[in-house]
Amino acid sequence: MTAAELLAYHDPHDRRTELVRGRLLVSEPEGFEHGRVLVTIATELELHVRGRRAATGLGIGRVAAGDPGCWIERDPDTVRAPDVAFVAADRLPPGPILGFLETAPTLAVEVVSPRDRRGALQAKVRQWLDAGTALVWLVDPVRRTARVHRADGSQATIGTDGALDGEAVLPGFVLPLATLFR
């Protein structure tokens with residue numbers, strides 16, 4: 001399957017779809033806690049991005065949630081869908097993006113579900129980083145932790161008493177994990 005075919009594809013059961021090296025991956029909807037954590041992260045990121053725009057008059061980028069498709073490999077095509085993405089302004093094309101974003105996000109956030117397999121998550125993180133994503137957050141509501149993966153290969157685990165940090169990608173952004181796991 002190609003990215004163009006995926007864009008036109010409609011799963012009859014409205015399940016999440018991604019494309020990995022031309023192969024369609026279909027997954028079931030996630031649970032309520034997954035969605036709650038996802039929307040909290042997306043909201044906090046969006047508020048930060050809007051606040052920076054208001055303070056500087058410059059758009060620093062865009063936030064998207066709900067599995068926005070990012071076309072990160074070609075021939076065979078790979079279209080991955082992070083739970084939440086921040087895309088810096090210099091990666092955005094002019095005008096609205098009506099199909100898949102044709103680049104990797106600057107920040108990809110994956111909210112881990114109980115049925116996610118560790119190997120599959122690690123492969124997805126590697127794909128994001130290989131495609132040019134600067135920062136990947138794996139947020140685990142069950143373990144109440146987050147794992148940060150950086151483009152330079154460094155990693156960190158954050159406990160409930162810690163916070164996600166936007167680092168150089170989103171300077172000034174800090175989200176305490178306690179906020180997510182109430």
Side-chain angles (χ1 to χ4, degrees), residues 6 11 13-21 23-49 61-70 72-73 78-87 100-101 104-170 172-182:
L6 177 62
D11 180 77
H13 304 289
D14 291 325
R15 295 173 294 187
R16 177 183 184 175
T17 57
E18 293 181 292
L19 191 63
V20 177
R21 296 183 179 100
R23 189 173 60 95
L24 182 67
L25 297 181
V26 178
S27 60
E28 297 301 322
E30 301 297 344
F32 183 82
E33 186 66 8
H34 182 276
R36 190 192 65 73
V37 170
L38 181 157
V39 78
T40 302
I41 294 168
T43 300
E44 293 297 327
L45 285 169
E46 178 66 16
L47 290 171
H48 179 79
V49 169
R62 297 272 188 244
V63 175
D67 307 322
C70 300
I72 59 173
E73 293 177 4
T78 295
V79 177
R80 285 298 206 167
D83 290 313
V84 183
F86 166 74
V87 185
F100 300 126
L101 178 67
T106 314
L107 165 68
V109 181
E110 300 289 348
V111 179
V112 179
S113 77
R115 70 173 167 254
D116 283 333
R117 292 188 341 242
R118 182 177 168 95
L121 283 171
Q122 290 305 315
K124 195 170 189 180
V125 167
R126 176 60 25 221
Q127 283 182 313
W128 286 128
L129 296 173
D130 287 348
T133 299
L135 198 57
V136 180
W137 295 340
L138 293 179
V139 179
D140 190 333
V142 172
R143 290 186 176 86
R144 302 171 68 89
T145 62
R147 187 94 180 137
V148 176
H149 299 263
R150 299 176 189 91
D152 67 6
S154 65
Q155 301 175 19
T157 299
I158 301 167
T160 304
D161 58 339
L164 291 167
D165 187 314
E167 301 181 11
V169 171
L170 282 164
F173 179 82
V174 177
L175 178 58
L177 287 192
T179 302
L180 298 177
F181 306 135
R182 291 184 185 168

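Source: prediction; values computed, not measured.
Each of V37, T43, V39 was compared with I41 under the side chain to side chain contact (heavy atoms under 4.5 Å, CB included) criterion, and only V37 meets it.
Proximity of V142 to E33: side-chain heavy atoms (C-beta onward) are nowhere separated by under 4.5 Å. A 4.5 Å side-chain heavy-atom check between L135 and T106 finds every atom pair outside the cut-off. Considering only heavy atoms from C-beta on, F181 comes within 4.5 Å of V139 through its side chain. By the 4.5 Å heavy-atom criterion applied to side chains, V20 and Q127 are counted as neighbours. You'll find the side chain of R80 reaches within 4.5 Å of the side chain of L25, heavy atoms only. Here the side chains of V49 and L170 are in contact, with some heavy-atom distance below 4.5 Å. Within the 4.5 Å cutoff, the side chain of L164 has no heavy atoms near those of the E44 side chain.
To the nearest 0.5 Å, the span separating CG on L45 from OG1 on T40 amounts to 11.0 Å. A distance of 8.5 Å separates OG1 in T133 from CG in L107, rounded to the nearest 0.5 Å. Rounding to the nearest 0.5 Å gives a distance of 12.5 Å between CZ of R62 and CG of L101. Note that CG of L19 is 10.0 Å distant from CD1 of I72, once rounded to the nearest 0.5 Å.
Between W128 and P105, the shortest heavy-atom contact is CZ3-CD, 3.3 Å. V79 approaches G69 most closely through the heavy-atom pair CG1-CA, 4.0 Å. Scanning both residues, H48 and G172, for their nearest heavy atoms gives CE1-C, 3.6 Å. For the residue pair A65 and L38, the shortest heavy atom distance occurs at CB-CD2, 4.0 Å. Across R150 and A156, no two heavy atoms sit closer than the pair NH2-CB, 4.0 Å. Looking at every heavy atom in both residues, A104 comes nearest to A131 through CB-O, 3.6 Å.
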Q: Could you give me the CA-CA distance, side-chain angles and deciding distance for H149 and Q122, then say whether side chain to side chain contact (heavy atoms under 4.5 Å, CB included) is met?
A: CA-CA 10 Å; H149 299 263; Q122 290 305 315; 3.8 Å; yes
(Q) Pair R126, L129 - check side chain to side chain contact (heavy atoms under 4.5 Å, CB included), show working. (A) CA-CA 5 Å; R126 176 60 25 221; L129 296 173; 3.8 Å; yes
**Q.** Verdict with supporting geometry, E30 and V111, side chain to side chain contact (heavy atoms under 4.5 Å, CB included)
**A.** CA-CA 10 Å; E30 301 297 344; V111 179; over 6 Å; no
Q: Start with the C-alpha distance between L138 and K124, add both sets of side-chain angles, then the distance that settles side chain to side chain contact (heavy atoms under 4.5 Å, CB included), and finish with yes or no.
A: CA-CA 10 Å; L138 293 179; K124 195 170 189 180; over 6 Å; no
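Remark: side-chain polar atoms of R36 are paired, donor with acceptor, to backbone N or O of L180 under 3.5 angstrom. Side-chain N or O atoms of T78 include one that pairs as donor or acceptor with a backbone N or O of R21 at under 3.5 Å.
By the neighbour-count criterion of 12 heavy atoms within 6.0 Å, atom CZ of R117 is sparsely surrounded, having that number or fewer from other residues, nucleotides or ligands.
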